[in-house]
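See below for the structure under consideration.
The basis for the numbers below is simple: all heavy atoms, side chains too, and nothing from hydrogens, waters or symmetry mates. Proteins come first, then strands; the chains are lettered A, B, ... in the order of their sequence lines, and each starts at number 1.
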Amino acid sequence: MESMKYPYEKFEEEVKEAIKEVLRVAYDIEEEIKLEKPKGIADLAFPCFPLSKILKRNPVEIAEEIARKIRKGEWIEKVEAVKGYVNFFIDIRKLTRETIRLIEEMGDDYGKQSKKKVKVIVEHTSANPNGPLHVGRARNPIIGDTIARLLKFGGYDVVTQYYVDDMGKQVAILFWGVKNLKIDVKHDKDDHKYVVYYQEAAKLMEENEKVRKEIEEIIKECERGNKKILAELKGIYTRVLNGILQSLEMLNIRIDEFVEESKFVLDGSVERVIQELQKLPYAGKEGKAIYLDLEEFGIHGRDKKFYITRSDGTSLYATRDVAYHIWKGERADKMINVLGEDHKLEAKFVEIALKLLNKKTPEVIFYSFVSLPEGRMSTRKGRVVYLDDLIEEAIERAKREVIKRRGELPNIDYIARSVGTGAIRYNIIKVRPEKPIVFKWEEALNFEGQSAPFIQYAHARCCSILRKVRYEGCEQPEYEHESEIALIKMLATFPEIVKESIKARNPSAIAEYVYELASAFNAFYRDCRVIGSEKEKERLALVNATRQVICNCLTILGIEALEEM
RNA sequence: GGGCGCGUGGCCUAGCCUGGAUAGGGCGCUGGCCUUCUAAGCCAGUAGUCGCGGGUUCGAAUCCCGUCGCGCCCGCCA
């Protein structure tokens, strides 16, 4: 698969070369060729308007002239000039043969890019282990996991990391609560059980000076690297963390590595960061607290001071984050972090600090919060939808739908789970991360239209046909019906979509594409009878190829490709 | 006050990086399609000053400036 090229890519190169050649010979112009893909008009198009300026001639004429001078090629089947554009049409018979052949040869690998030998660490979720995940933050694991899957598909070596904040106020409050309170909670998951201790302790801390002091003392001890306390703390937060991980598991999300924040205090790297940073000319002191003045880096106003230590010499979250990123950067070629938009300023601080220390900086994907129609989610105000409740509801509803349509299938629970959780993942990932989402049950649990079940359904239809008639290969497939042609073109562009969506770090492009592919398949299904038709063999090839590409997309999206539903 | 992000039919959304040929979809609503491969489907209809104003350009949803609305942030918290 090294340096291999997919058919559409080859076509595009041929077109570019052909245009370049004509421009050079006929007009003595060396220009970067920018092509368009006007759906439904041509496979590729070259607008001649910029040339018209250089040549001081009518673009319509130029297009016609260029069109005349370009001959058919290996991939170019036809060239036409229309309204100032040179339109190129691909040799559909060749495209068909190559695409079907490639999909069959490559299978689950179709669409992948060549191995990059680049290691990427994707950090996502990293939620404080003080309670269950709520829907407001559920974008994080879904975006992170999908990015990781996408990059893996694109030929990168990917490792996912969860940065466990075991030294923060949140975990300290939880710890205090569990040690000092006795609350009877009935819940089968520890994250839901323990969050009650956290909530109660947080309330007491606000009302009671003594409690506040005790919790602060816990934090101080952690920051001084008290191993005994840290170990005790770990015993408690691990149970909450495991609850969080169970929720993620339901969504098909598994994280490779867990990195504890305390590690960087214990191994002295935070101290080294502080030493290095305070040597910088931007360093200053306010009392005994050390800060960096970031005015010069475009950060103005009150927030220009980036504190790296407190007055008592202990480190701050962002400082420890710098140490973590230095460590991470030594273990990867690229770092990608998925963070809530509330972390923008902190991330900027970390980035500047890393640059000043001459270290690698991470790319960050920020997402907006999911809010409720009543406003931002808040555990304290009880205005919250837990991810577990959403998952449970989705699965239940999916199960009712399966029973309604299909009766009691033997693997109904598996199907219901795949449909329900798939719907959740798809609904989150189809929207670009920076767009705010207002959570509505009827939207989150939508099983129709642009949704995971729609796509899974198209896949199941393919499988159903292939179950009835075995596909045993097709030597020279050829298609005529416009629905067949549209479908084969969709299949052929998949590798391009993968490439672009990686480049733009935009997994929602895959979600968009696979929906369109499923849609194109539905049109084909409507128009072209497969089983029993004269073209049965060829159409089976198309069905099989569609099945494969939908499956590959769903793998990237972390959604189950169901054979039956 | 400052910084960042978002603003596309009643609702949701793609396209914006890299400007081009009628702004794609979905939900909803109206009507139609199951004696042939799964109707979680399909078809037809409905609905749009791409927040607003200016600029750049042969051409702007897309780039630039301004403006309004919403969100997030601006702690020796995380």
Side-chain angles (χ1 to χ4, degrees), chain A residues 32 34 36 38-42 45 47-50 52-53 59 82-85 87 128 165 167-171 219 261 286-291 298-305 307-312 314 316-318 320-321 340-346 348 366 368-369 371 376 398 401-402 404-406 419 423 427 430-438 440 442-443 446-458 460-469 503-504 506 508-509 511-512 515-516 518-519 522-523 525-533 536 539 543 564-565:
Chain A
E32 177 77 15
K34 290 219 171 99
E36 290 163 37
K39 253 199 155 147
I41 299 173
C48 298
F49 310 102
S52 120
K53 186 146 201 190
V82 183
K83 294 193 279 186
Y85 293 87
N87 289 340
N128 282 318
D165 182 2
M167 325 198 36
K169 207 196 289 183
Q170 322 269 1
V171 168
I219 297 170
E261 190 177 1
E286 192 164 301
K288 283 182 173 174
I290 305 166
Y291 66 85
I299 293 175
H300 307 286
R302 286 196 301 282
D303 47 2
K304 68 176 187 177
K305 278 184 186 171
Y307 281 89
I308 54 185
T309 71
R310 296 193 181 86
S311 301
D312 64 2
T314 57
L316 286 132
Y317 173 80
R320 301 190 290 265
D321 210 8
E341 60 179 342
D342 55 337
H343 275 65
K344 277 182 182 175
L345 188 58
E346 192 263 344
K348 188 81 195 153
F366 293 105
S368 294
F369 295 118
S371 60
R376 188 172 175 173
E401 294 294 317
V402 179
K404 193 172 89 194
R405 295 160 211 271
R406 305 292 312 280
V419 168
N427 263 296
K430 74 174 175 184
V431 181
R432 295 182 68 108
E434 61 272 20
K435 288 258 216 182
I437 294 181
V438 177
K440 293 182 188 111
E442 64 273 24
E443 276 172 24
N446 172 34
F447 294 172
E448 284 165 12
Q450 189 175 6
S451 67
F454 176 98
I455 296 152
Q456 291 169 310
Y457 186 70
R461 272 179 158 177
C462 293
C463 293
S464 171
I465 292 172
L466 294 163
R467 256 198 313 275
K468 291 198 165 75
V469 187
K503 201 174 139 210
N506 176 22
S508 66
E512 185 78 12
Y515 169 72
E516 275 168 24
S519 217
N522 283 337
Y525 184 89
R526 173 194 70 219
D527 296 333
C528 306
R529 175 81 197 171
V530 178
I531 299 171
S533 82
E536 182 181 280
R539 287 180 175 164
V543 172
E564 191 186 9
M565 63 187 279

**Report entry** Side-chain donor/acceptor of A/Lys503 to base of B/rU18, under 3.5 Å
**Finding:** yes
Query raised in the report: Can you check the A/Asn446 CG to B/rC11 P distance for me, whole Å?
Result: 18 Å
Query raised in the report: Are OP1 or OP2 of B/rC42 and a side-chain N or O of A/Asn522 less than 4.0 angstrom apart?
Result: yes
Query raised in the report: If you check the A/Lys53 side chain, which of B/rC73, B/rA21, B/rU57 turns out closest?
Result: B/rU57
**Report entry** P-based separation of B/rG41 from B/rG51 [nearest Å]
**Finding:** 30 Å
Query raised in the report: When the C1' atoms of B/rG2 and B/rG9 are considered, how many whole Å apart are they?
Result: 36 Å
Query - A/Asn87 (side chain) and B/rA21 (base): donor-acceptor pair under 3.5 Å - result: yes
Query raised in the report: Which heavy-atom pair separates A/Ser371 from A/Arg376 by the least distance, and what is that distance?
Result: CB-CA, 4.1 Å
Requested in this report: Name the nucleic acid region contacted by A/Val419, choosing base, sugar-phosphate or nothing; use a 4.0 angstrom heavy-atom cut-off, strictly under.
Outcome: base
Query raised in the report: Think A/Tyr525 has a side-chain N or O under 4.0 angstrom from the OP1 or OP2 of B/rA39?
Result: yes
Report task. Would you mind calling B/rC34 syn or anti? Take O4'-C1'-N9-C4 for purines or O4'-C1'-N1-C2 for pyrimidines, and syn is within 90° of 0. Result -> syn
Requested in this report: Would you mind classifying the nucleic acid contact of A/Glu442 as base, sugar-phosphate or nothing, using non-hydrogen atoms under 4.0 angstrom?
Outcome: nothing
Requested in this report: Would you indicate what A/Glu564 reaches in the nucleic acid, counting non-hydrogen atoms under 4.0 angstrom: base, sugar-phosphate, or nothing?
Outcome: base
Report task. Report the residue from A/Val530, A/Val543, A/Ile531 that forms a side chain to side chain contact (heavy atoms under 4.5 Å, CB included) with A/Val469. Result -> A/Ile531
Query raised in the report: With under 30° as parallel and over 60° as perpendicular, where do the rings of A/Tyr317 and A/His343 fit, or are they tilted in between?
Result: perpendicular
Report task. Using a 4.0 Å heavy-atom cut-off across all strands, classify A/Ile41 as base, sugar-phosphate, or nothing. Result -> base
Query raised in the report: When we call it a touch if two heavy atoms are under 4.0 Å apart, what does A/Asn128 touch: a base, just sugar-phosphate, or nothing?
Result: sugar-phosphate
**Report entry** Sugar-phosphate, base or nothing in reach of A/Arg320, heavy atoms under 4.0 Å
**Finding:** sugar-phosphate
Query raised in the report: For A/Phe49, which contact category applies under a 4.0 Å heavy-atom criterion: base, sugar-phosphate, or nothing?
Result: base
Query - Nucleotide B/rC11, atom P - distance to CD1 of A/Ile437 in whole Å - result: 17 Å
Query raised in the report: Closest to the A/Pro38 side chain: B/rC11, B/rG41, B/rA21?
Result: B/rA21
Requested in this report: Kindly point out which of B/rG24, B/rA21, B/rC42 is positioned nearest to the side chain of A/Phe454?
Outcome: B/rC42
Report task. Identify whether any heavy atom of A/Ala460 sits under 4.0 Å from a base atom; if not, whether one sits that close to sugar-phosphate; answer base, sugar-phosphate or nothing. Result -> base
Query raised in the report: Under 4.0 Å between a Lys/Arg side-chain N and an Asp/Glu carboxylate O for A/Lys305 and A/Glu286?
Result: yes
Query raised in the report: What interatomic distance, in whole Å, is found between C1' of B/rC16 and the corresponding atom of B/rC6?
Result: 13 Å
Query raised in the report: Using atom C1' of each nucleotide, how far apart are B/rG31 and B/rU22 to the nearest Å?
Result: 26 Å
Query raised in the report: Within 45° of the axis and under 6.0 Å from the centre of the six-membered ring of A/Phe366, does NZ or CZ of A/Lys344 qualify?
Result: yes
Query raised in the report: Can you tell me if the side-chain N/O atoms of A/Arg529 get under 4.0 Å from OP1 or OP2 in B/rU36?
Result: no
Report summary line: Between NZ of A/Lys404 and C1' of B/rA39 the distance, given in whole Å, is 11 Å
Report summary line: When rounded to the nearest 0.5 Å, the distance separating CD1 of A/Ile437 from CZ of A/Arg432 is 13.0 Å
Query raised in the report: Do any side-chain nitrogens or oxygens of A/Arg376 fall under 4.0 Å of OP1 or OP2 in B/rC72?
Result: yes
Report summary line: Rounded to whole Å, the NZ-P distance (A/Lys39 to B/rA23) equals 16 Å
Report summary line: Between A/Ser508 and A/Glu286, the residue closer to the 5' end of RNA chain B by nearest nucleotide is A/Ser508
Requested in this report: Pick the P atom in B/rC4 and in B/rU49, then give their distance to the nearest Å.
Outcome: 31 Å
Query raised in the report: If you pin A/Gln170 and A/Ala504 to their nearest nucleotides in RNA chain B, which one's is more 5'?
Result: A/Ala504
Report task. Select base, sugar-phosphate, or nothing to describe what A/Ala318 touches, counting heavy atoms under 4.0 Å on all strands. Result -> nothing
Query - Gap between atom CD of A/Glu261 and atom CZ of A/Arg320 - 0.5 Å precision - result: 4.0 Å
Requested in this report: For B/rG71 versus B/rC12, give the span between their P atoms, rounded off to a whole number of Å.
Outcome: 15 Å
Requested in this report: Kindly say whether, by distance alone, the side chain of A/Ser311 makes a donor-acceptor pair under 3.5 Å with the base of B/rC76?
Outcome: yes
Requested in this report: State the pairing partner of B/rG1; accept Watson-Crick or G-U wobble contacts with both distances under 3.5 Å, and report none otherwise.
Outcome: B/rC74
Query - Closest listed nucleotide, where the reference is the side chain of A/Ala289 and the choices are B/rC37, B/rA14, B/rC76 - result: B/rC76
Report task. Please determine if a side-chain N or O atom of A/Arg432 lies less than 4.0 Å away from the OP1 or OP2 oxygen of B/rG15. Result -> yes
Query raised in the report: Contact class for A/Pro436 (heavy atom, under 4.0 Å): base, sugar-phosphate, or nothing?
Result: sugar-phosphate
Requested in this report: For B/rA39, take OP1 and OP2 only and decide whether either is under 4.0 Å from a side-chain N or O of A/Arg526.
Outcome: no
Query raised in the report: Taking the same atom, C1', in B/rA23 and in B/rA47, what whole-Å distance lies between them?
Result: 14 Å
Report summary line: Side-chain contact check for A/Leu316: nearest option of B/rC76, B/rC6, B/rC73 is B/rC76
Query raised in the report: In Å, rounded to the nearest 0.5 Å, how long is the span from CD of A/Gln450 to CD of A/Glu512?
Result: 5.0 Å
Requested in this report: With heavy atoms under 4.0 Å as the rule, sort A/Lys468 into base, sugar-phosphate or nothing.
Outcome: sugar-phosphate
Query raised in the report: Using atom C1' of each nucleotide, how far apart are B/rG48 and B/rU8 to the nearest Å?
Result: 8 Å
Query raised in the report: Reckon A/Lys348 has a side-chain N or O less than 4.0 Å from the OP1 or OP2 of B/rC73?
Result: no
Requested in this report: Please confirm whether the backbone N or O of A/Thr314 pairs with a side-chain atom of A/Thr309, one donor and one acceptor, at under 3.5 Å?
Outcome: no
Report task. Determine the contact category for A/Met167: base if any of its heavy atoms lies under 4.0 Å from a base atom, sugar-phosphate if only primed atoms, P, OP1 or OP2 are that close, otherwise nothing. Result -> nothing
Report task. Please state whether the phosphate of B/rC77, meaning OP1 or OP2, lies under 4.0 angstrom from any side-chain nitrogen or oxygen of A/Arg310. Result -> yes
Query raised in the report: If you look at every strand shown and take non-hydrogen atoms under 4.0 Å, does A/Val469 touch a base, only sugar-phosphate, or nothing?
Result: nothing
Query raised in the report: How is A/Glu516 classified with respect to the nucleic acid when contacts are heavy atoms under 4.0 Å: base, sugar-phosphate, or nothing?
Result: nothing
